[in-house]
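Below is one structure, written out as structure tokens; comments come after it.
One-based numbering along the sequence shown.
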Amino acid sequence: MSIRWRLTAWYSSILAIVLVIFGVAIYGLVYYSTYSELKSSVQQEALRIQQQLKVTINGDFFGGTEPNLDFNLDRRLDDTEVYVQIYNYTSGVLKTSANLQGIRLPVPSTPKGAYASKGFKKVSEKGNSFLIYYQPLILEDNNQVVGLLQVAQLTNSQDRLLQRLENVLVYGSLVALFAAATSGLFLARKSMSPLVKVIEGANQIQSGDDLSVRIEYEGPPDEIGQLIATVNKMLGRTEVFYKELEDAYAAQRRFVADASHELRTPLTTLRGNVDFLEKLWTAHPEERPDMDEQTIRKLSLEAIEDMADEGKRMSRLVGDMLSLARADTGQTFEKRPTALQPLVTEVARRAQFLERSADWIVGDFSFLNGIYLEGNKDYLQQMLFIFIDNAFKYTPEGNVRLDAILYQGQVGLRISDTGIGMDKDEVPHIFERFYRADESRGVTEGIGLGLSIAKWIIDEHHGSVEVVTRRGEGTTFVIWLPVSFSAPLE
């Protein structure tokens with residue numbers, strides 16, 4: 001059963017109970033007020049008639065014979081509103097008022113029955129409804145019941161009134177209950193229609209790939225409105241998360257494809273050199289090429305050197321991939337206050353021994369004395385070497401320069417070159433994995449992971465990188481890092 005039907009059943013049941021209680025209370029109140037007034041008037045009339053009765057005794061009571069009692073009533077019993085009947089148990093005589101017109105009210109057969117019937121009774125005779133008050137007539141001498149006084153009044157009009165009231169209450173309650181259930185079902189369906197939209201939207205999202213679906217709602221900001229707003233927010237966050245997940249999967253696929261591409265070349269070289277050495281040294285002397293031992297040894301050494309170079313290249317690739325894998329899993333490194341001047345000076349000294357064809361120019365770092373930043377020395381040096389080595393690779397002639405600047409609590413480590421530079425549309429991609437700015441991959445050495453690792457190190461130090469470049473004129477990288485504190489100058 002749906003929520004709409006359950007809600008309708010619940011409040012219809014509650015309404016039915018309330019209507020029954022209300023109807024019974026109204027009917028009881030009307031019944032009591034109607035018959036209480038009627039009973040009071042009948043009882044008062046019975047008392048007045050009883051006071052007017054005269055009893056005469058004929059016969060020898062003490063001689064053992066039963067007394068013959070006669071009841072004489074001074075007033076005429078022809079009142080059109082009150083019906084009187086007197087029964088004499090000693091003589092069996094029944095006297096009735098003229099307005100009864102042949103109707104006999106029920107009389108108990110014995111005096112004891114008359115005594116037990118004292119009070120009000122409602123009877124129906126010949127299609128007429130009477131409210132009868134039974135009053136036994138008792139001799140004061142011996143408390144003997146000798147007769148029965150019955151005073152009645154028609155209640156046809158009262159019964160019709162109560163019957164109409166009962167019909168109004170019953171049928172009115174049924175009509176009200178039906179109307180309330182019908183309108184309640186309509187209102188419940190209207191109130192639940194936004195929830196139906198929620199279900200339809202969820203099913204649409206479940207059955208399709210469109211996460212941009214939102215649930216339209218123009219009603220008041222009630223509970224349902226708040227629910228729909230929450231669901232829409234949840235769908236928005238799910239859409240963003242799904243897009244990020246798709247981007248991550250796409251990046252992962254590109255990463256695997258590029259890694260496979262980069263590994264294929266050294267593996268192919270290794271496989272070729274191994275096959276060459278195997279044929280060179282294990283083949284039958286008659287099948288060997290016409291070479292002397294010195295030539296064979298020279299070729300073997302060259303193949304081994306190629307294999308060693310490719311092995312180093314694969315080791316660097318695997319090491320870089322492990323660094324990026326640690327970055328992807330959210331791993332970080334320990335940071336502590338690090339003096340900036342010794343770090344940059346050490347990097348500048350060691351950078352001059354890197355393979356290069358450009359001039360190496362180092363700026364003045366004396367103003368960095370006493371300046372510290374919260375970082376990891378090893379990773380900061382690795383980051384600087386990546387930028388410097390990258391500048392050497394893309395600067396076949398000219399110069400590469402390293403200097404530093406201070407600005408608003410940050411230190412900027414600047415690496416500039418006069419190399420081949422880049423186009424502006426390439427700048428957003430240079431920190432992507434396996435991306436290299438030269439149009440033909442493989443022209444420059446490297447696998448395109450260095451800048452990705454450098455960007456991760458910068459992000460972990462809460463820094464940023466600024467790139468200024470122009471095709472044919474060179475590139476400048478400025479790594480901005482927040483200064484932790486400054487110690488007194490020595």
Side-chain angles (χ1 to χ4, degrees), residues 1-46 79-83 99-101 103 105-106 116-134 150-200 215 217-228:
M1 183 183 292
S2 64
I3 297 179
R4 296 191 297 268
W5 285 104
R6 277 186 286 176
L7 287 175
T8 304
W10 270 107
Y11 62 67
S12 297
S13 301
I14 295 174
L15 179 61
I17 294 173
V18 171
L19 289 176
V20 168
I21 295 175
F22 178 76
V24 170
I26 293 296
Y27 186 85
L29 181 62
V30 174
Y31 184 92
Y32 176 78
S33 61
T34 300
Y35 281 97
S36 62
E37 184 178 354
L38 191 61
K39 286 180 181 180
S40 178
S41 63
V42 170
Q43 191 173 11
Q44 292 177 2
E45 185 65 23
D79 194 331
T80 57
E81 295 182 356
V82 178
Y83 302 84
N99 53 7
L100 279 175
Q101 297 179 355
I103 298 176
L105 302 179
S117 300
K118 183 179 181 180
F120 288 95
K121 283 188 179 180
K122 192 175 180 183
V123 299
S124 180
E125 291 290 337
K126 295 183 179 182
N128 295 310
S129 180
F130 294 93
L131 179 64
I132 307 174
Y133 180 72
Y134 290 74
Q150 294 172 290
V151 180
Q153 188 166 354
L154 276 174
T155 59
N156 291 338
S157 61
Q158 287 81 0
D159 291 343
R160 285 193 297 270
L161 174 63
L162 292 175
Q163 184 64 39
R164 292 192 190 100
L165 177 62
E166 182 180 349
N167 292 335
V168 168
L169 292 176
V170 171
Y171 293 108
S173 298
L174 292 177
V175 171
L177 185 61
F178 176 77
T182 305
S183 59
L185 181 61
F186 171 76
L187 293 176
R189 182 174 300 175
K190 186 175 181 180
S191 299
M192 291 297 171
S193 58
L195 296 181
V196 175
K197 293 183 179 179
V198 174
I199 297 173
E200 292 176 352
I215 301 169
Y217 180 70
E218 298 178 354
D222 52 6
E223 289 80 0
I224 294 179
Q226 294 175 8
L227 173 63
I228 293 177

Please confirm whether the backbone N or O of [Y] pairs with a side-chain atom of [X], one donor and one acceptor, at under 3.5 Å?
| X | Y | value |
| --- | --- | --- |
| T182 | F178 | yes |
| S36 | S33 | yes |
| Q150 | P106 | yes |
| S129 | T155 | no |

Rounded to the nearest 0.5 Å, what's the gap from [atom1] on [X] to [atom2] on [Y]? Could you check?
| X | Y | atom1 | atom2 | answer |
| --- | --- | --- | --- | --- |
| Y31 | D159 | OH | CG | 8.0 Å |
| Q153 | Q158 | CD | CD | 7.0 Å |
| L131 | L38 | CG | CG | 5.0 Å |
| S124 | N156 | OG | CG | 8.0 Å |
| N128 | I103 | CG | CD1 | 5.0 Å |
| I26 | I21 | CD1 | CD1 | 12.5 Å |

For Q43, look at atom CD and say whether over 12 heavy atoms of other residues, nucleotides or ligands are found less than 6.0 Å away.
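Above 12, so yes.
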More than 12 heavy atoms from other groups under 6.0 Å of NZ on K118
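No, because the 6.0 Å sphere around NZ of K118 holds 12 heavy atoms or fewer from other groups.
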Determine, stepwise, if the pair Y35 / L162 fulfils side chain to side chain contact (heavy atoms under 4.5 Å, CB included).
CA-CA 11 Å; Y35 281 97; L162 292 175; 3.3 Å; yes
Do you know the tightest heavy-atom contact between [X] and [Y]?
| X | Y | value |
| --- | --- | --- |
| L169 | G23 | CD1-O, 3.3 Å |
| S173 | L19 | O-CD1, 3.5 Å |
| A152 | L105 | CB-CD1, 4.0 Å |
| A180 | L15 | CB-CD2, 3.2 Å |

Could you list the residues that satisfy ring pair (Phe, Tyr, Trp, His ring centres under 6.0 Å) with Y27, not counting sequence neighbours?
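Not a single residue meets the ring pair (Phe, Tyr, Trp, His ring centres under 6.0 Å) criterion with Y27.
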Which residues pass the ring pair (Phe, Tyr, Trp, His ring centres under 6.0 Å) test with F120, sequence neighbours left out?
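With neighbours one apart ignored, the set is Y133.
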Steps toward side chain to side chain contact (heavy atoms under 4.5 Å, CB included) verdict (I132, E125)
CA-CA 12 Å; I132 307 174; E125 291 290 337; over 6 Å; no
Can you check whether L154 reaches F130 side chain to side chain, under 4.5 Å on heavy atoms?
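Side-chain contact under 4.5 Å: yes.
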Return the set of residues passing side chain to side chain donor-acceptor pair (under 3.5 Å) with Q163 (not counting sequence neighbours), or none when no residue passes.
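N167.
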